[in-house]
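All remarks here apply to the structure that follows.
Just the heavy atoms: all of them, side chains too, but no hydrogens, waters or symmetry mates, feed the values below.
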Amino acid sequence: MKEVLPIMSTPISSSYIHEVKLPAGSVHVYANPELFAGLDYKVFNMANNNLQIPGIQYMGYTPDVHVGIGTCIGTTAVWDASAGYVSPSIVGSDIGCGMRVHLTNLHRDDLQDVKLRRKLVKTIEKYLPMESQQRGHFADLRLEHVVRKGLHGLPNKYIPDSYTPKKSTSLTHVEESRFSFNEEVLNGVRDQTWGRAHRQLGTLGGGNHFAEIQALEIDEEHRHIAEAWGMSDGQIVVMIHSGSRSWGGSISQESNQVMLSQMQRLGLGTADPRLAFLPLAHPEGQYYVNMMYSALNYATVNRHLIAYSIREAFRDVFGNGCEMRTLYDLMHNYAWAEERDEGAVFIHRKGATRALPAGHAGNPKPYLATGHPALIPGSMGTSSYIMVGQPGGYDNYYSICHGAGRARSRSATKKLVTVDQFASSLKVGTADEIVVNQRSLESILDESPQAYKDVDQIIESVTGAGLASVVAKCKPLAAIKGAK
DNA sequence: ATGTCC
């Protein structure tokens with residue numbers, strides 16, 4: 001592929017916000033000077049390809065941006081909501097991939113003993129289903145109800161706080177509890193796809209997906225928000241990172257192929273032959289949007305069920321008085337319509353988290369006054385963050401980072417990092433050990449912190465650019481990774 | 001990310 005270099009880069013209002021002008025248009029990059037200087041030129045090459053899609057109104061990069069298939073992870077791309085385009089490449093293969101945090105009534109001191117952390121991890125392994133060894137978990141669930149109705153498709157027993165409706169947070173403290181769509185698209189789904197997706201419900205999956213037990217460190221400046229959200233220093237929380245498993249995977253793959261062949265017929269294309277897109281109004285564009293929404297339902301329910309299993313394990317270890325209410329569930333891979341000052345727009349976020357500020361009408365009701373929690377995972381063994389949006393996010397359509405951002409490929413990481421180095425970053429063998437469920441660290445070596453950029457630099461870029469603020473830092477005590 | 005080749 002031909003190398004495309006930025007013609008000009010102009011700082012906008014601060015050294016943290018850059019407008020990079022390319023032959024096909026411009027991309028706004030939110031990054032501190034150090035991260036900006038270290039960006040791979042390939043991300044600009046990729047931006048230039050994406051800017052060739054007709055009618056694009058805006059493109060932004062978050063500080064954790066890195067090369068992906070067709071489109072960088074860390075992209076926000078915007079079209080008109082009625083006359084625009086949709087691209088599975090700018091959603092990402094794991095449709096609905098996202099984060100969830102639950103608040104417990106336990107304190108860091110309760111988990112001081114490394115043996116107790118080991119017991120907790122073992123118990124979570126017992127309750128958390130694995131696709132490869134199903135033991136009848138969730139046999140009473142109808143997958144069809146789940147993909148059609150999201151959290152509202154679950155029987156009451158899976159809404160753990162449903163017995164106190166006024167205090168229930170399972171259905172209210174989420175980005176969306178149900179995505180509505182034209183359900184006719186489901187008629188064409190193969191039996192095998194239904195079956196596999198049902199077996200995978202409530203499972204973590206591989207790659208960078210995880211469940212972590214963390215302890216909170218509240219940011220002094222935003223303590224009032226933490227308190228309003230029910231968070232306190234040393235509080236134990238459960239953070240979950242997962243997506244729509246093979247349900248969303250097959251939608252991505254099939255729509256990519258179908259769209260690329262339709263594009264050929266219509267004479268559409270960019271310099272990147274893998275970059276798939278079609279007009280929103282095209283039947284295959286409509287098909288993708290509808291199926292994508294079913295995957296957003298699947299992904300939200302999947303994280304909910306992972307939390308349900310972990311809650312069962314916590315109650316097994318700590319007794320029935322152990323609470324685990326939902327703080328929030330939100331996604332970083334999707335496309336949907338949003339209202340703006342200028343009218344309705346169709347926004348893609350690929351590895352970008354929406355962080356709405358206080359008072360924004362897009363907040364779910366419980367978070368209207370404060371802004372909703374924006375959940376940002378760190379790399380394994382490093383801190384994660386709970387943030388809140390700031391008004392300065394408007395220009396970037398309120399998108400912030402989605403994590404540390406990969407610094408090197410999985411294969412390059414495996415060559416660079418030894419198992420001993422990984423073990424030492426997890427403090428294995430010490431009283432502070434971050435207990436991991438996997439027996440062989442080698443199998444998840446490509447997830448070691450050395451594979452990722454420094455999450456603190458990413459967060460500093462987001463706060464420095466005025467996009468969002470840190471409400472709490474989350475220090476990991478134990479991590480559960482999915483099986484390969 | 002992933003049914004890592006229906």
Side-chain angles (χ1 to χ4, degrees), chain A residues 46 62 64-75 87-100 129-134 143 147 188-211 240-258 274-276 288 291-292 294-303 306 330-335 348-353 376-377 379-380 401-414 438 443-448 451-452 480-484:
Chain A
M46 207 154 242
T62 52
D64 50 331
V65 66
H66 59 100
V67 167
I69 296 170
T71 302
C72 289
I73 291 104
T75 296
S87 166
S89 308
I90 326 181
V91 168
S93 50
D94 189 6
I95 300 166
C97 186
M99 305 300 302
R100 171 179 280 264
M130 302 244 272
E131 189 200 355
S132 52
Q133 33 181 280
Q134 279 282 305
L143 175 59
V147 295
V189 176
R190 290 188 299 268
D191 287 350
Q192 195 178 29
T193 305
W194 284 109
R196 188 180 293 121
H198 198 167
R199 286 193 298 279
Q200 292 182 334
L201 258 182
T203 63
L204 276 170
N208 58 1
H209 290 169
F210 67 78
I240 294 159
H241 182 193
S242 189
S244 55
R245 312 289 279 108
S246 68
W247 181 265
S250 51
I251 296 166
S252 297
Q253 206 173 350
E254 284 163 20
S255 268
N256 254 287
Q257 280 180 10
V258 169
R274 291 186 301 179
L275 180 52
Y288 174 72
M291 285 300 282
M292 174 182 57
S294 78
L296 300 185
N297 282 332
Y298 185 106
T300 304
V301 170
N302 189 42
R303 286 185 293 273
I306 291 166
L330 91 177
M331 302 175 291
H332 45 241
N333 281 8
Y334 60 89
H348 298 69
R349 292 193 177 90
K350 181 182 189 180
T353 308
I376 310 299
S379 53
M380 220 180 146
C401 60
H402 88 301
R406 194 160 268 283
R408 49 183 58 83
S409 71
R410 295 189 180 278
S411 54
T413 307
K414 281 179 178 164
Q438 293 275 350
S443 68
I444 51 171
L445 199 54
D446 50 359
E447 283 296 314
S448 73
Y452 289 89
I480 294 95
K481 298 288 287 184
K484 226 188 175 274

**OP:** Write down the distance between CD1 (A:Ile69) and C1' (B:dT2), rounded to a whole number of angstrom.
**Re:** 10 Å

**OP:** May I ask you to say what A:Gly205 touches in the nucleic acid, namely base, sugar-phosphate or nothing, with a heavy-atom cut-off under 4.0 Å?
**Re:** sugar-phosphate

**OP:** Assign A:Arg190 to base, sugar-phosphate, or nothing according to its heavy-atom contacts below 4.0 angstrom with the strands shown.
**Re:** base

Subject >> Distance, rounded to the nearest Å, where A:Gln253 contributes CD and B:dT4 contributes P >> reply: 10 Å

Original post:
At what distance, to the nearest 0.5 angstrom, does NE2 of A:His66 lie from OG1 of A:Thr75?
Top reply: 9.5 Å

Original post:
Considering heavy-atom distances to DNA chain B, does A:Asp94 or A:Gln192 have its closest nucleotide positioned more toward the 5' end?
Top reply: A:Asp94

Subject >> Working for side chain to side chain donor-acceptor pair (under 3.5 Å), residues A:Tyr452 and A:Glu447 >> reply: CA-CA 8 Å; A:Tyr452 289 89; A:Glu447 283 296 314; 3.0 Å; yes

Subject >> CG-CE distance between A:Asp446 and A:Met380, expressed to the nearest 0.5 angstrom >> reply: 10.5 Å

Subject >> Partner of A:Arg245 by side-chain hydrogen bond (donor to acceptor under 3.5 Å, both in side chains), out of A:Asn302, A:Asp94, A:Thr203 >> reply: A:Thr203

**OP:** Select base, sugar-phosphate, or nothing to describe what A:Arg406 touches, counting heavy atoms under 4.0 Å on all strands.
**Re:** nothing

Subject >> Rounded distance in Å - CZ (A:Arg245) to C1' (B:dT4) >> reply: 13 Å

Original post:
Between atom CZ in A:Arg410 and atom P in B:dT2, what is the gap in whole Å?
Top reply: 9 Å

**OP:** Could you tell me the separation between the CG atom of A:Leu204 and the P atom of B:dT2, rounded to a whole number of Å?
**Re:** 10 Å

**OP:** Rounded off to whole Å, could you give me the CG-to-P distance for the A:Asp446 and B:dT2 pair?
**Re:** 12 Å

Original post:
Within the structure shown, what part of the strands sits under 4.0 Å from A:Ser250 by heavy-atom distance: base, sugar-phosphate, or nothing?
Top reply: base

Original post:
Where is the tightest heavy-atom contact between A:Thr413 and A:Leu445, given as atom of each residue plus distance?
Top reply: CG2-O, 3.7 Å

Original post:
Is A:Gly207 touching bases, backbone alone, or none of the nucleic acid, heavy atoms closer than 4.0 Å?
Top reply: sugar-phosphate

Original post:
Using Watson-Crick and G-U wobble pairs whose two distances are both under 3.5 Å, how do you write the pairing of DNA chain B as dot-bracket, with | for links to another strand?
Top reply: ......

Original post:
Roughly how many Å is it from NE2 in A:His209 to C1' in B:dT2, rounded to a whole number?
Top reply: 10 Å

**OP:** Starting at atom CD of A:Glu254, determine the distance to atom P of B:dC5, rounded to an integer number of angstrom.
**Re:** 16 Å

Original post:
Checking A:Lys350 side chain against A:Ser89 main chain: does a donor-acceptor pair fall under 3.5 Å?
Top reply: yes

Original post:
Are the ring centres of A:His402 and A:His241 closer than 6.0 Å?
Top reply: no

